[in-house]
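Counting convention: from 1, in listed order, for ligands and their atoms alike. Heads up: numbering here begins at 1 and tracks the sequence.
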Amino acid sequence: MDKLKIAGGYPLQGTVRISGAKNSAVALIPATILADSPVTIEGLPEISDVELLKSLLEEIGGTVQFSNHEMTVDPSAMISMPLPNGKVKKLRASYYLMGAMLGRFKKAVIGLPGGCHLGPRPIDQHIKGFEALGASVTNEQGAIYLRADELVGARIYLDVVSVGATINIMLAAVRAKGRTIIENAAKEPEIIDVATLLTNMGAKIKGAGTDVIRIDGVDELHGCRHTIIPDRIEAGTYLILGAAVGDGILIDNIIPQHLESLIAKLREMGVPIDTQDDQLFVGKADSFKAVDIKTLVYPGFPTDLQQPFTSLLTKAQGTSVVTDTIYGARFKHIDELRRMNANIKVEGRSAIISGPVQLQGAKVKASDLRAGAALVIAGLIAEGVTEITGVDHIDRGYSHLVEKLEGLGATIWREQLSKEEMEQMKQA
Ligand code: EPU
């Protein structure tokens, strides 16, 4: 296990190329289970969640080749092997195996998902959808058992707007009999990406990206080639980092429209940003105005960027309030930022940041993926050396982080944890 070290306080410059979207990748890969011939996905990020899903597909009999960001999955010999333990527990998105395996085999046994600890993360809306399609769903000793004689299309109203439930119900419904309508569906770009892959495989889906999705079930799906969308959260992370410590950074391979809420907030703070077709240039601001943000479902400000944004707000003049309406407990990074001299208090679902302060390097711990990104940005801002443990969280979602930051001129490196540090990590 590694830790990250950053010698902060220096300006960064140059170009960074954004990888394929993690939150698409973790759904696109399970979606290949639904085909009866090989599916190729281009542009995948090299992150540990993708590696975990690759080996889960192999566990159920898939043949998977992955090199140069391109994955080809031959699902023809897959079987509905129970996956109650092991790797499924390590990632949140293993819940997509439920929808995909139910859709293809009409049965699945999948351990309850792991992933980032952001407070309660129920999957009741996924289960409500599977049941509406005719599946019986039971929780037996920490694993979800799904069984159906047949899946029949249904009208499903989501009580909570959920990315995961919307995608999972699409996966289960594309091979069901008849029409499924998902109402109050989530509208994130990743949902459109998954619907595009499924459509290329022969599915009939209309309305992805709106809050009503109509799916007409088909008997079989075939292989195809698909290019993943760029990662708007990775792009947003580099954009925030560029605003905080950049002296002119070009962010390449993005869809600027996916980042509108973030760009608007950064401009409100005084950050110069120039958008082009699939690139964005972030210039140096003389000073930063304090702003308030409230996370919302897409196209609102993404919850996944509120933690990195908080690190930037420590440099802003005045008081900023960050309110997370999606995950009210997504504030584990705040204690770590305080260790670095930030002046932040948490009240309910909000963090109140007073600035500007000069962050100081410290030993800190990433408790989840985006907390890790927040600490990396804080480490780049801070004077002195910052040491970040919990790097496995960061490796779940940021492809080649160290190399990309080195390319911008950052002094960042990995070191192996000592035996003593490993012990401390295990006990924590
Ligand atoms: N919710 C329920 N019941 C459900 C499902 C969700 O109450 O059955 C609640 C959640 O507790 C949360 C809200 O609904 O309060 C939204 O959750 P959603 O289902 O949309 O989240 P998710 O699908 O589990 C995805 C991303 C997260 C991202 C959220 C919100 C993946 C694999 N994960 O999670 O990404 O924060 O949408 O946009 O796509 C990350 O990338 O760091 C990350 C955590």
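- Contacts of Y327 with ligand 1, taken as heavy-atom pairs under 4.0 Å, involve the side chain alone.
- Screening D324, T303, T323, D304 for a side chain to side chain donor-acceptor pair (under 3.5 Å) involving T295 leaves a single residue, D324.
- For atom 13 (C) of ligand 1, the nearest non-hydrogen atom from the set I326, L369, I191, T166 belongs to I326.
- With a heavy-atom cut-off of 4.0 Å, E190 does not touch ligand 1 at all.
- Listed by number with element, the atoms of ligand 1 under 4.0 angstrom from any heavy atom of I123 are 4 (C), 8 (O).
- With respect to K128 and E131, no salt bridge is recorded, no charged nitrogen being found less than 4.0 Å from a carboxylate O.
- Classified by interplanar angle (parallel below 30°, tilted 30° to 60°, perpendicular above 60°), the ring pair H400/H69 is perpendicular.
- Within the listing of ligand 1, atoms 40 (C), 41 (O) sit less than 4.0 angstrom from a heavy atom of K22.
- Using a cutoff of 4.0 Å between basic side-chain nitrogens and carboxylate oxygens, E234 and K404 are scored as salt-bridged.
- Considering backbone and side-chain N/O atoms, V26 never comes within less than 3.5 Å of an N/O atom of ligand 1.
- Checked for salt-bridge contact, R414 and D395 meet the test: a charged N lies under 4.0 Å from a carboxylate O.
- Salt bridge R225/E70: present, at least one basic N to carboxylate O contact under 4.0 Å.
- Which parts of ligand 1 touch Q125 is read off a 4.0 Å heavy-atom cut-off, strictly below it: atoms 3 (N), 4 (C), 8 (O).
- Geometrically, ligand 1 and D124 share a nitrogen or oxygen pair separated by less than 3.5 Å.
- Side-chain contact check for E42 and T227: at least one donor-acceptor pair (N or O, by modelled atom type) lies under 3.5 Å.
- Electrostatic pairing of K289 and E268 does not count as a salt bridge here, judged by no charged N lying under 4.0 Å from a carboxylate O.
- The Y95 neighbourhood of ligand 1 comprises atoms 22 (P), 23 (O), 24 (O), 34 (O), with distances under 4.0 Å to a heavy atom of that residue.
- Using 4.0 Å as the threshold, P122 has a heavy atom nearer than that to some atom of ligand 1.
- Using bins of under 30°, 30° to 60° and over 60° for the plane-to-plane angle, the ring pair H333/F331 lands in the parallel bin.
- Below 3.5 Å of separation, one finds an N or O of R370 facing an N or O of ligand 1.
- Smallest separation of non-hydrogen atoms from R104 and I33: CD-O, 2.9 Å.
- In the vicinity of V163, heavy-atom distances shorter than 4.0 Å reach the ligand 1 atoms 18 (P), 19 (O), 20 (O), 23 (O), 37 (O).
- Side-chain contact of N23 with E188: a donor-acceptor pair under 3.5 Å is absent, judged by distance alone.
- Taking every heavy atom of H126 and a limit of under 4.0 angstrom, the matching atoms of ligand 1 come to 8 (O).
- Among the atoms of R330, some N or O lies under 3.5 angstrom from an N or O of ligand 1.
- Under a 4.0 Å criterion applied to the non-hydrogen atoms of V160, ligand 1 contributes the atoms 7 (O), 9 (C), 14 (O).
- Close approach of ligand 1 to G164 is summarised as follows: ligand atoms under 4.0 Å from at least one heavy atom of the residue are 19 (O), 23 (O).
- In A165, neither the side chain nor the backbone holds a heavy atom less than 4.0 Å from any atom of ligand 1.
- Note on ligand 1: K128 sits outside its first shell, no heavy atom being nearer than 4.0 Å.
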